[in-house]
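One structure is given here, and the rest of the page talks about it.
Numbers restart at 1 for each chain; the letters A, B, ... are given by sequence-line order, proteins then strands. Just so it is clear, the model here is predicted, and its values are computed rather than measured.
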Number of protein chains: 2
Amino acid sequence: MALPRIPRERSLTYGLVESVGQLIVTGAYDVQPFPTEGELSRQHGTSRSVTREAVKMLTAKGLLQARPRQGTSVTPEAQWNLLDPDVLRWLLERKFSLQLLAEFTEMRLAIEPAAAALAAKRADREAIGRIREGLERMKAAGQGEDEPVAADIAFHTAVLAATGNRFFAQLDPLINTALRISIRFTNRIKGRAAGIAHHEEVLDAIAAGDAERAALAMRSLVGEVLALITAASAQPGTARKAARRTALT
Amino acid sequence: MALPRIPRERSLTYGLVESVGQLIVTGAYDVQPFPTEGELSRQHGTSRSVTREAVKMLTAKGLLQARPRQGTSVTPEAQWNLLDPDVLRWLLERKFSLQLLAEFTEMRLAIEPAAAALAAKRADREAIGRIREGLERMKAAGQGEDEPVAADIAFHTAVLAATGNRFFAQLDPLINTALRISIRFTNRIKGRAAGIAHHEEVLDAIAAGDAERAALAMRSLVGEVLALITAASAQPGTARKAARRTALT
DNA sequence: CCCGCACATATTATATGATTATTAATCTCA
DNA sequence: TGAGATTAATAATCATATAATATGTGCGGG
């Protein structure tokens, strides 16, 4: 039996991508210009090869652009590939804003009901089984920190996978990232019991093959999250507290 | 006045990213293993630095993974970042399939009606102006090849931008890519007059601030495209013809 | 004072060779 | 047979040199 084998992902290069990526999204280079390759190498104690490869990866994610004699620079925020899981994670963890979370949730509100409808239409037994599994885990989970979140995420992941559509499935890492943040935020405000009822309704509708009801149920589920977020952002002070809570390190 | 200044994007590295990216998505490495850095350099006549940087960019897009002693390998297709504009473009241009186009259009069917609704709710005058501009261009366009397509794309781009939501806006390059392919495909089947009427209805609803009507209009617009695509894929032979039409080079 | 051209210059882009770290595969020995 | 040590292949990293490319600078002429 093959071991799960932990992927490395902790080479100097990947480490540099992480650090510099986080620095970029937090706006560290909004005032001072982005350093040249040489400086960047010196600052992080890496060779130029490593630096260049990290810069190239960040370029592929749309965060940087480089031209000879002009130097490397941070691209305008509008060009960042927000749909890259790394970029979204850096933004949500390092530069959290209720505004950003709200915008993402608006997109979830477009995507997830459609996903539930597709899943219902497709009615793949095995896939539905995995959705049910996620729900059971949610119900069984205690008041710990990690397991309820993981179960909730597993539910949404299973729904996206059940669409049989590669693009919906691709949104999974993004929604996972955002959910981890989002749940941490909404759990304080609202108990989990109501949430479970909603999830149950989604599963029922999908299992029954009722696309329209599945979409409606999912819409009300996500819509409630969005309502919580927008309500919180209207209330001054909450944003700062939320940022503190979600910040890691 | 600063010239538009053509971005380079044609360095050896970017060229290599393009070639290898296209080779990967077409499945060239499904049978034979992905070459080692040294071989890849030799095959493409580039130095190891260039090769490594290109590999790193493709790694950032989720197409490759590398580990010492094991070599570089193509990641399972499920891990490819389909939401990266380059990856989607390579797939649609080099390994076109009606199935993929249909799946993407399913996602459009979830996204674009919601975008229209958000645009209507927001009712930003300037943004609506840009949507109208796209529509005017569509009406004015002759039977040329490029301008009608560009105008149609401009319309959809403007709607996404009018949402004021960064994530919807981010989907623009993806939808642009797919639209370029999609229009080329559907135009053969169906005249453009009906299309313009639908677009007009979307604009009217957004301008009137009627979110629900905007969503419905957009849904029927995109839904029609999806119907064309699924109808075509049911009809044998069409797929091959479509692939030939959309293939570049 | 302004324009246009050559030229210097800073920076990324590319090339090359060597060294190190990682890990799959093999071998050794109990 | 199996666990542990060894080997070897490969990416990862380092160091250095050269080339290409924009950007500024200064000079000459109008």
Side-chain angles (χ1 to χ4, degrees), chain A residues 1-21 23-24 29 32-75 79 86, chain B residues 1-21 23-24 29 32-76 79:
Chain A
M1 172 161 51
L3 292 174
R5 104 187 48 226
I6 301 151
R8 302 181 55 271
E9 300 275 320
R10 265 305 144 189
S11 56
L12 285 183
T13 306
Y14 283 95
L16 193 56
V17 168
E18 278 284 324
S19 329
V20 178
L23 283 175
I24 290 173
Y29 300 110
Q32 77 202 45
F34 196 84
T36 65
E37 288 178 358
E39 276 178 72
L40 205 59
S41 305
R42 239 172 296 122
Q43 287 172 10
H44 293 85
T46 54
S47 74
R48 257 190 75 203
S49 320
V50 169
T51 307
R52 278 188 58 80
E53 282 162 23
V55 166
K56 273 290 187 311
M57 293 191 75
L58 292 169
T59 303
K61 293 181 188 305
L63 266 57
L64 293 178
Q65 52 189 5
R67 313 181 68 185
R69 162 73 206 190
Q70 184 181 291
T72 308
S73 58
V74 176
T75 56
Q79 288 177 44
D86 286 328
Chain B
M1 173 158 54
L3 291 175
R5 107 190 40 231
I6 301 150
R8 303 181 55 273
E9 300 275 321
R10 266 306 145 188
S11 54
L12 286 182
T13 307
Y14 283 95
L16 193 57
V17 168
E18 279 283 324
S19 329
V20 178
L23 283 175
I24 292 173
Y29 300 111
Q32 76 201 47
F34 195 83
T36 64
E37 287 180 359
E39 278 179 70
L40 204 58
S41 307
R42 241 172 296 120
Q43 286 172 9
H44 292 85
T46 54
S47 75
R48 280 219 341 273
S49 322
V50 169
T51 307
R52 278 188 59 79
E53 282 161 24
V55 166
K56 274 288 186 315
M57 294 190 74
L58 291 168
T59 303
K61 294 181 188 301
L63 266 57
L64 292 178
Q65 53 189 5
R67 313 181 66 187
R69 161 73 206 187
Q70 185 180 290
T72 308
S73 57
V74 176
T75 56
Q79 287 176 43

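In this structure, L64(A) places its CG atom 13 Å from C1' of dT12(C), rounding to the nearest Å. Computed from coordinates, the E37(B) CD to dA21(C) P distance equals 17 Å when rounded to whole Å. Protein atom CD of E39(B) is 14 Å distant from nucleotide atom C1' of dA11(D), rounded to whole Å. At whole-Å resolution of the value, CD in Q65(A) and C1' in dT11(C) are 15 Å apart.
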Please list every donor-acceptor pair under 3.5 Å in which a side-chain atom of residues 38-45 of chain A meets a protein atom from a residue at least two apart or in another chain.
from   : atom 1 : to     : atom 2 : distance (Å)
S41(A) : OG     : E37(A) : O      : 2.8
S41(A) : OG     : T51(A) : OG1    : 3.0
H44(A) : ND1    : L40(A) : O      : 3.2

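Of all the heavy atoms in Y29(A) and P35(A), the pair that sits closest is CE2-CD, 3.6 Å. Between T72(A) and F34(A), the closest heavy-atom pair is O-CB, 3.3 Å. Of all non-hydrogen atoms in L58(A) and G21(A), the two that sit nearest each other are CD2-CA, 4.0 Å.
Close to dA10(C), at under 4.0 Å from its OP1 or OP2, lies no side-chain N or O of T36(A). Between S11(A) and dA21(C) there is no side-chain N or O to OP1 or OP2 distance below 4.0 Å. Within the 4.0 Å cut-off from OP1 or OP2 of dA15(C), at least one side-chain nitrogen or oxygen of S47(B) is found. Put simply, R67(B) has no side-chain N or O that comes within less than 4.0 Å of OP1 or OP2 on dT10(D). The phosphate of dT23(D) has OP1 or OP2 within less than 4.0 Å of a side-chain N or O from Q70(A).
Counting heavy atoms from C-beta on, the side chains of L64(A) and I24(A) come closer than 4.5 Å. Between K56(B) and T13(A), some side-chain heavy-atom pair lies under the 4.5 Å cut-off. Side-chain contact check for M57(B) versus E53(B): every heavy-atom pair is 4.5 Å or farther apart.
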Using a cutoff of under 3.5 Å, can you pull out all pairs of nitrogen or oxygen atoms linking the protein to nucleotides 17-20 of chain C, with atom names and distances?
from    : atom 1 : to     : atom 2 : distance (Å)
dA18(C) : N6     : R48(B) : NH2    : 2.9

Atom pairs, N/O to N/O, protein against nucleotides 4-9 of chain D, distance under 3.5 Å?
from   : atom 1 : to     : atom 2 : distance (Å)
dA9(D) : O4'    : R69(B) : NH1    : 2.9

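Residues meeting the side-chain hydrogen bond (donor to acceptor under 3.5 Å, both in side chains) test with T75(B), sequence neighbours left out: W80(B). Residues forming a side chain to side chain contact (heavy atoms under 4.5 Å, CB included) with S47(B) (at least two apart in sequence, or on another chain): S49(B), V50(B). Remark: K61(B) engages D84(B), D86(B) in a salt bridge (charged side-chain N to carboxylate O under 4.0 Å, His left out) (not counting sequence neighbours).
Between atom CD of residue E18(B) and atom CG of residue L23(B) there is a gap of 11.0 Å, rounded to the nearest 0.5 Å.
Residues from residues 49-58 of chain A with heavy atoms under 4.0 angstrom of DNA chain C, sorted by number: R52(A), K56(A).
Nearer to the 5' terminus of DNA chain C, by closest-nucleotide assignment, is the contact made by G71(A) (compared with the other of T46(B) and G71(A)).
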